[in-house]
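Note sheet for the following structure.
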Amino acid sequence: MIQLQSKLPNAGTTIFTTMSVLAQQHNAINLGQGFPDYSMSEELIALVNEAMKGGHNQYIHMNGYIPLRETLAEKTEYLYGANINPDTQITVTPGGTYALYTALTTILQPHDEVIVFEPAYDSYIPGIEINGAKAITIPLTFPEYKIDWSEVRKRLTEKTRAIMINSPHNPSGAVLSVDDIEQLRSIVKDTQIVIISDEVYEHLIFDGFKHESILKYPDLLERSFVCFSFGKVYHCTGWKLGYCIAPEYLMKEFRKIHQFNAFTCDTPKQIALATFLKKREAYVELGAFLQQKRDYFQQGMKETKLEALPTHGSYFQIYSYKNLSDESEKEFAIHLTKNYGVATIPVAAFYQREINNRVLRFCFSKKEETLDVAIERLMKL
Ligand code: PMP
Ligand code: GLN
């Protein structure tokens, strides 16, 4: 056996895979891992077919299909008033996770520190540690899942290289406000801190909330990598396609890493998206579509003993089981999967520290009939 020193000694299999496998084994309704079970746009599928049949099956430009980048720049201007150069500031990536990882790899040197808010999407901390840097974790307030900015100020050091933010937030569905942006702005002003903004749920926002994209704030964009996922918003998570927007000087370095890693992404899908995204209905109606699912799920769940925490965006809704059990979140999630046939995600899995708020994350981006069966089963709790 070759001696191998693990780059990620503390990492196991992700909770998403663990719960999806358990769901399959127990024939449970899978409200764990975040993916829709309804079909994606037929028009988009037809556009991909057309591109493949038209012979577009070879490598495409390493930074992304140029008309797609142009369409994204137009969309970004329409939604956020941002003036983005598609040639120098946008790179298409194989998914949002890859964009985040590449951004971290672009900026981090050993011993740098990155501020991460917990609960944190599970790829952030490994992405930091694999680069020899250190995650400084700050818990979001419970149960509102808000950032305690005074705590952020206390945890800044000479080594702070970046702050990672995520809105709409996975797993809580919390969204950042204008006030949060102001706080962030005053903290990073006159520092060397880079912002990595995970905006993969950009359009999945409810209740009249506005997405406070970093792209709306030119002074913040000047020091940011903003990461997106086509898979998450267009109901095709298996496509693993996303993109990153950054100022030219940061994107130049990002692309050096990208060119020796993925180099380029799926050609037919990029060609299809370039046409599909020209129509604004492709994205402006997504929030209302998902909000309807959230409302449907919340309404049905009122018949159960689980208590809803607010959610204003993403695919997810957190429920508290504090009336039902003192078990750890992981134990309770396993219990629900095995004995009640509904798989969820323990929110504790998004923390490095030991925590038990007795809450589970449910993914409601499902067909109504799927949600109905899950609710019926949970009513027996
Ligand atoms: N960030 C967050 C918060 C997510 O929930 C996801 C979901 N997978 C991603 C990034 C990554 O998206 P992708 O599948 O495009 O890599
Ligand atoms: N983002 C998805 C979630 O939070 C999972 C993606 C994955 O399995 N890595 O459920």
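Every number for a ligand or one of its atoms is a count from 1 in the order of the listing. Values in this document were obtained by computation on a predicted structure and should not be read as measured data.
A side-chain N or O of Gln33 and one of Ser20 form a donor-acceptor pair less than 3.5 Å apart. The closest side-chain donor-acceptor pair between Gln317 and Gln298 falls under 3.5 angstrom. The closest side-chain donor-acceptor pair between Ser177 and Asp179, if any, does not fall under 3.5 angstrom. No side-chain N or O of Glu327 forms a donor-acceptor pair with one of His335 less than 3.5 Å apart.
Neither the backbone nor the side chain of Lys240 has any atom closer than 4.0 Å to an atom of ligand 2 (non-hydrogen atoms only). Counting heavy atoms under 4.0 Å from ligand 1, residue Lys232 touches it through the side chain alone.
Cation-pi check for Arg358 over Tyr321 is not met; the charged atom does not lie both under 6.0 angstrom from the ring centroid and within 45 degrees of its normal. Within the cation-pi definition used here (under 6.0 Å to the ring centroid, within 45° of the axis), Lys240 does not qualify as a partner of Tyr98. For Arg280 and Tyr78, the positive end sits near the middle of the six-membered ring, less than 6.0 Å away and at most 45° from its axis. Annotation: cation-pi geometry satisfied between Lys293 and Tyr38 (NZ/CZ under 6.0 angstrom from ring centroid, within 45° of ring axis).
Across the listed options Phe35, Tyr121, Phe16, Phe316, Tyr121 owns the non-hydrogen atom lying nearest to atom 6 (C) of ligand 1. Residue nearest to atom 15 (O) of ligand 1, selected from Pro171, Ser229, Gly238, Cys236: Ser229 (by heavy-atom distance). Scanning Phe228, Tyr201, Tyr243 for the heavy atom closest to atom 4 (C) of ligand 1 points to Tyr201. The heavy atom nearest to atom 11 (C) of ligand 1, out of those in Val233, Thr97, Thr93, is found in Thr97.
At least one N or O atom of Lys240, backbone or side chain, sits closer than 3.5 Å to an N or O atom of ligand 1. Close N/O approach between Gly95 and ligand 1 is not found [any backbone or side-chain N/O within under 3.5 Å]. Remark: ligand 2 and Gly32 share no N or O pair separated by less than 3.5 Å (distance only, no angle test). Distances between N or O atoms of Asn170 and those of ligand 1 include at least one value under 3.5 Å. Remark: ligand 2 and Asn170 share an N or O pair separated by less than 3.5 Å (distance only, no angle test). Taking any N or O of Thr237, backbone or side chain, none lies under 3.5 Å from an N or O belonging to ligand 1.
Scanning all protein heavy atoms for the shortest distance to atom 2 (C) of ligand 2 gives Lys232 NZ, 3.4 Å. Regarding atom 2 (C) of ligand 1, its nearest protein heavy-atom neighbour is Asp198 OD2, 3.3 Å. With hydrogens left out, the protein atom closest to atom 6 (C) of ligand 2 is Tyr121 OH, 3.4 Å, a heavy atom. The protein non-hydrogen atom at the shortest distance from atom 8 (O) of ligand 2 is Gln33 NE2, 2.7 Å.
Heavy-atom distances between Tyr98 and ligand 1 stay at or above 4.0 Å for every pair. Ligand 2 has no atom lying under 4.0 Å from any heavy atom of Thr14. Within the 4.0 Å heavy-atom shell around ligand 2 one does not find Tyr315.
The side chain to side chain contact (heavy atoms under 4.5 Å, CB included) test with Leu360 singles out one residue from Leu306, Ile318, Leu336, Leu31, and that residue is Leu336. Test Glu113, Arg161, Met164 against Ile128 for side chain to side chain contact (heavy atoms under 4.5 Å, CB included) and you get one pass: Met164. A side chain to side chain contact (heavy atoms under 4.5 Å, CB included) with Cys227 is found for one member of Leu100, Ile245, Asn166 and no other, namely Leu100.
Close approach of ligand 1 to Gly96 is summarised as follows: ligand atoms under 4.0 Å from at least one heavy atom of the residue are 12 (O), 13 (P), 15 (O), 16 (O). Of all atoms in ligand 1, listed by their number and element, those nearer than 4.0 Å to a heavy atom of Asn166 are 3 (C).
Thr102 places no side-chain N or O within 3.5 Å of a backbone atom of His258 that could act as its donor or acceptor partner.
Val342 and Tyr296 end up in the same hydrophobic cluster when Ile, Leu, Val, Met, Phe, Trp and Tyr side chains are linked at under 4.5 Å.
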